[in-house]
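Comments concern the structure below.
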Number of protein chains: 2
Amino acid sequence: MGISERKHRQLEQVRTAILAQSWQIIEEEGWEALSIRRIADAIEYSTPVVYKHFESKEAIRSAFSQEGYALLANRLLKAKTACDSPTDQLMALSNTYWAFAQEHPKHYQIMYGLGIPTCEMVRETREILEVSNVFHETIEAAIQASKQPDTDVHLKAMTFWSILHGLIAMGMISGPGDPQTAKRILEDATAGFIKALMG
Amino acid sequence: MGISERKHRQLEQVRTAILAQSWQIIEEEGWEALSIRRIADAIEYSTPVVYKHFESKEAIRSAFSQEGYALLANRLLKAKTACDSPTDQLMALSNTYWAFAQEHPKHYQIMYGLGIPTCEMVRETREILEVSNVFHETIEAAIQASKQPDTDVHLKAMTFWSILHGLIAMGMISGPGDPQTAKRILEDATAGFIKALMG
DNA sequence: TACTTTTGCTGACAGTGTTAACTTTTGTAC
DNA sequence: GTACAAAAGTTAACACTGTCAGCAAAAGTA
């Protein structure tokens, strides 16, 4: 009864096509150029077919957001395990986070910005949590190795994350300013944070 | 010939009405609920009248962004001059910036987020510059009073601004989480920055 | 072959920003 | 006070958007 399997495969294929074509449009013309009708055109189906696979446009956005967080979590984890000391790890996280935003600006914008729906980020929670965990665990280890072992982990993790996001967001807002300067700001801020953390 | 003055006054009145009614809609239902037709309805004119006063919807957004930056610059300046030492001033700037974002979230979102048009922030440049200047001048003074007087002012100013924005943006994204915690994160980050700055 | 289920399409609804073309009002000159 | 020009304001359209009800066609089953 491989018949239903083939059907399932075909369905999956359409779903993949939707995401692939959508991504191409996003990469070439930005998120705001993406419309259900354009997706339908690209996959050579009519519009309601898109809704067979995604409840709404927001669901498509969410899928990319999820993908982005998963990608980011992966890279952060890799960068972290390549270092030994917690401070080196933090520096690596900072650099990797930055690099991710530079290499995948569209993903980053979808994950954060767009700001629009003030966040229905419920389904992508799992992936966000993974990113959050990397920060928490590394900060935790750093605190343990520091001179103030009773520091609030959550507080410091959020601070770290916020600093990184702030630098990237500001960089994206003020346009493609000198990336050299931007990198220096990042390193300066990270170094300052680590110093304050380790005491 | 007070006739053309009256006309001018009437024009101004419509312009003001557009902004006032728009702002009411934004406050009550958010930016995405604002449409040219709704504005026209609210001011009891037809849609093209709106275009007599604002080239596009983006121009309306820009006007509010400008307004927001002017408001922010004002508050920052007031808070700054109320303090003596540069470090106190920086702390005051941090608190005021935070308070502004809390009290005027819609303004803040329009000024930054929305991210949408990747920024046609050309006309609101003047107001942004004022905000930027407050940061630069205060940081400059702080550096002069610090143990490393040769520190890069621009770098530190951008770092400071980025940290503040990052904390606020993350707070807005992750919804109305415990504001007590958020405030503590802010103070911790600011204190860390100042410490690193002053050496 | 007859029937059912799935699949996909057409066409519509209620919106959006924006603008061309037309009408009405208003101010000026005779 | 009437004739004309300029300004102000209107309607109606264009080209889109997300979304979905209802119908036609194809595919699988008996």
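So you know, we letter chains A, B, ... as the sequences are listed, proteins then strands, and number each from 1. Keep in mind it's a predicted model, so treat the numbers as computed, not measured.
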Greater than 12 external heavy atoms within 6.0 Å of Glu28(A)'s CD = yes

Short side-chain donor-acceptor distance under 3.5 Å, His107(B) and Tyr112(B) = no

ask   = Ile43(A) has an atom CD1; how far is it from atom C1' of dG8(C), in whole Å?
value = 11 Å

ask   = Residues from residues 14-28 of chain B sitting under 4.0 Å of DNA chain D, heavy atoms only?
value = none

message = Quick check against the 3.5 Å criterion: does Lys80(A) have a side-chain atom that pairs as donor or acceptor with the backbone of Pro86(A)?
response = no

Would you list the protein and nucleotides 10-17 of chain C atom pairs, both N or O, that sit under 3.5 Å from each other?
unit_1	atom_1	unit_2	atom_2	d
dA12(C)	N6	Arg37(A)	NH2	3.2
dT16(C)	OP1	Ser35(B)	OG	2.9
dG17(C)	OP1	Ile36(B)	N	3.3
dG17(C)	OP1	Lys57(B)	NZ	3.2
dG17(C)	OP2	Ile36(B)	N	2.9
dG17(C)	N7	Arg37(B)	NH1	2.8
dG17(C)	O6	Arg37(B)	NH2	2.9

ask   = What integer distance in Å separates Lys52(B):NZ from dT19(C):P?
value = 12 Å

Counting only pairs under 3.5 Å, give me each side-chain donor-acceptor contact of residues 183-193 of chain A, with atom names and distances, residues two or more places apart or in other chains.
unit_1	atom_1	unit_2	atom_2	d
Arg184(A)	NH2	Asp152(B)	OD2	3.1
Asp188(A)	OD1	Lys156(B)	NZ	3.2
Asp188(A)	OD2	Lys156(B)	NZ	3.1
Thr190(A)	OG1	Ser94(A)	OG	2.8
Thr190(A)	OG1	Leu186(A)	O	2.8

inquiry  = Between Ser62(A) (side chain only) and Ala59(A) (backbone N and O only), is there a donor and an acceptor less than 3.5 Å apart?
reply    = no

request  = In whole angstrom, give the distance that lies between atom CD of Glu32(B) and atom C1' of dT17(D).
outcome  = 15 Å

task = Please examine the side chains of Thr181(A) and His154(B), heavy atoms only from C-beta on, and report whether any two atoms are closer than 4.5 Å.
result = yes

message = What verdict does the ring pair (Phe, Tyr, Trp, His ring centres under 6.0 Å) test give for Phe100(A) and His104(A), after you've listed the backbone C-alpha separation in whole Å, the side-chain angles of each residue and the deciding distance to 0.1 Å?
response = CA-CA 6 Å; Phe100(A) 174 82; His104(A) 307 284; 5.0 Å; yes

key: Axial bend angle, the helix from dT1(C)-dA30(D) to dT25(C)-dA6(D): five-pair end segments, nearest 10°   = 30°

task = Please work out whether the ring planes of Tyr97(A) and Tyr108(A) are parallel, tilted or perpendicular, with thresholds of 30° and 60°.
result = perpendicular

request  = Using atom types as modelled and distance alone, determine if a side-chain donor or acceptor of Gln89(B) lies under 3.5 Å from a backbone N or O of Thr138(B).
outcome  = no

Please tabulate the protein-to-nucleotide N/O contacts below 3.5 Å involving nucleotides 23-26 of chain D, giving atom names and distances.
none

key: Any residue meeting side chain to side chain donor-acceptor pair (under 3.5 Å) with Gln144(B), in chain and number order, not counting sequence neighbours   = none

message = Restricting to non-hydrogen atoms, name the atom on Gln21(B) and the atom on Ala42(B) that form the minimum distance, rounded to 0.1 Å.
response = OE1-CB, 3.6 Å

inquiry  = How many whole angstroms separate atom CD of Glu55(B) from atom C1' of dT19(C)?
reply    = 13 Å

task = Please report, rounded to the nearest Å, how far the P atom of dT17(D) is from the CD1 atom of Ile60(A).
result = 13 Å

Nearest-Å distance for atom pair CD1/P, residues Ile39(A) and dC16(D) = 16 Å

inquiry  = Quick one: does any side-chain atom of Ser132(A) pair with a main-chain N or O of Ile128(A) as donor and acceptor, under 3.5 Å?
reply    = no

query = Starting at CD of Gln10(B) and ending at P of dA8(D), how long is that distance when rounded to a whole Å?
reply = 9 Å

Between P of dT17(D) and CH2 of Trp31(A), the distance in whole Å = 13 Å

task = Spell out, as yes or no, whether a donor-acceptor pair under 3.5 Å connects the side chain of Thr16(B) to the backbone of Glu12(B).
result = yes

